[in-house]
Participant: 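Once you've had a glance at the structure underneath, I'll fire off some questions.
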Amino acid sequence: MSQATQALSGELRLVRVVAMQAVATDVMHFELCAADGRPLPPFAAGAHIDVHTPAGLVRQYSLCGVPGATERYAIAVKYERAGRGGSASLHGDVEVGSALGISAPRNHFPLADSTGHSILVAGGIGITPILAMIETLQGAGRSWELHYGARSAGHAAFHADLVARFPERVQGYFGETPVLPVQNIVDRIDVLGDDTHLYCCGPGGLMRAVAAAARPEVAARVHFEWFAAPAHDAAEQASQPFEVEVASTGAVLPVAAGESALAVLRAHGIDIPSSCEEGVCGTCEVRVLAGHVEHRDLLLSEAERQSNQCMMVCVSRARNERLVLDL
Ligand code: FES
């Protein structure tokens with residue numbers, strides 16, 4: 001069972017906003033405590049939570065506080081003017097004392113189990129999971145460097161604090177156009193040795209550029225946190241029809257080429273939670289009992305894909321005719 005499935009079995013927690021602070025242009029920092037006073041689940045660097053916004057939308061935000069803390073969580077939310085309303089609701093409808101529903105933490109962006117150097121690359125609000133990584137790396141005495149790009153210093157949340165704490169380790173790059181010297185940064189993986197890992201979170205253009213700059217030999221040591229699927233993926237992937245079998249009832253449901261398994265299951269009264277519906281959040285994960293999955297998500301590791309034990313039904317499909325799902 002992957003981390004995502006474990007989280008789904010957990011309850012939705014009610015938290016209260018105990019502090020809010022503007023930390024950059026259009027970026028609000030929220031501190032959240034459990035409404036019932038019980039400890040929150042511990043989390044590791046790179047984890048995120050689902051936040052149920054007052055507008056009824058569910059959005060994913062990285063936990064940017066100190067990993068392991070159970071008395072309060074921290075998230076930072078950028079107001080996305082062209083978004084669908086999740087960030088606008090958190091900026092506009094929430095105040096200190098407001099109650100919000102959150103999920104247990106899920107982590108698809110963990111630090112590797114390595115003692116080597118870490119190259120951290122953040123674009124804009126992509127700094128949030130990187131902040132937690134810095135706390136973990138620093139606490140463990142592991143070496144790291146941060147390359148942080150943003151439109152301006154005023155748009156770069158936490159940059160001034162990071163520079164004040166770690167002047168030798170933090171490099172800022174500011175400008176309206178992409179300003180990070182991506183190839184030079186990625187090439188440092190070779191310079192700094194076999195145990196070096198690179199972690200990147202930011203706009204899709206930055207992450208695609210980093211992925212393109214990484215030679216195949218080092219690709220397994222380059223890690224990404226996606227909060228939206230790359231725009232070209234769906235168009236590039238042709239879809240074939242297949243069937244899903246609901247194990248508990250034996251019902252066999254056809255999924256047409258243009259449909260998702262999630263939509264078909266819901267149309268037949270099987271309620272599966274979802275959020276992104278782009279294969280990036282893990283909310284719709286379902287266990288697979290038989291059949292071979294064509295994984296189209298951006299979450300599962302290669303080992304999890306090969307194990308064929310679960311799938312994200314919002315985007316993934318079948319390699320053969322039928323998948324039997326543990327529903
Ligand atoms: Fe987000 Fe399926 S709903 S991965």
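This is a predicted model, so every value here is computed, not measured. Atoms within each ligand, like the ligands themselves, are counted from 1 in listed order.
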Participant: When H117 is tested against each of R188, H197, E145 for side-chain hydrogen bond (donor to acceptor under 3.5 Å, both in side chains), which residue passes?
Facilitator: E145

Participant: Near atom 1 (Fe) of ligand 1, which protein N/O/S atoms fall under 2.8 Å?
Facilitator: C276 SG, C281 SG

Participant: Identify which one of D187, I189, D190 satisfies the side chain to side chain contact (heavy atoms under 4.5 Å, CB included) criterion when paired with R215.
Facilitator: D190

Participant: Check side chain to side chain contact (heavy atoms under 4.5 Å, CB included) between S248 and all other residues, then give those that pass, not counting sequence neighbours.
Facilitator: V246

Participant: Please enumerate all residues that pass side chain to side chain contact (heavy atoms under 4.5 Å, CB included) together with A213, with sequence neighbours excluded.
Facilitator: V182, Q183, V186

Participant: Indicate yes or no: at least one non-hydrogen side-chain atom of M312 is less than 4.5 angstrom from one of C276.
Facilitator: no

Participant: Does R319 have any salt bridge (Lys or Arg N to Asp or Glu O under 4.0 Å) partners at least two apart in sequence or in another chain, and if so, which?
Facilitator: none

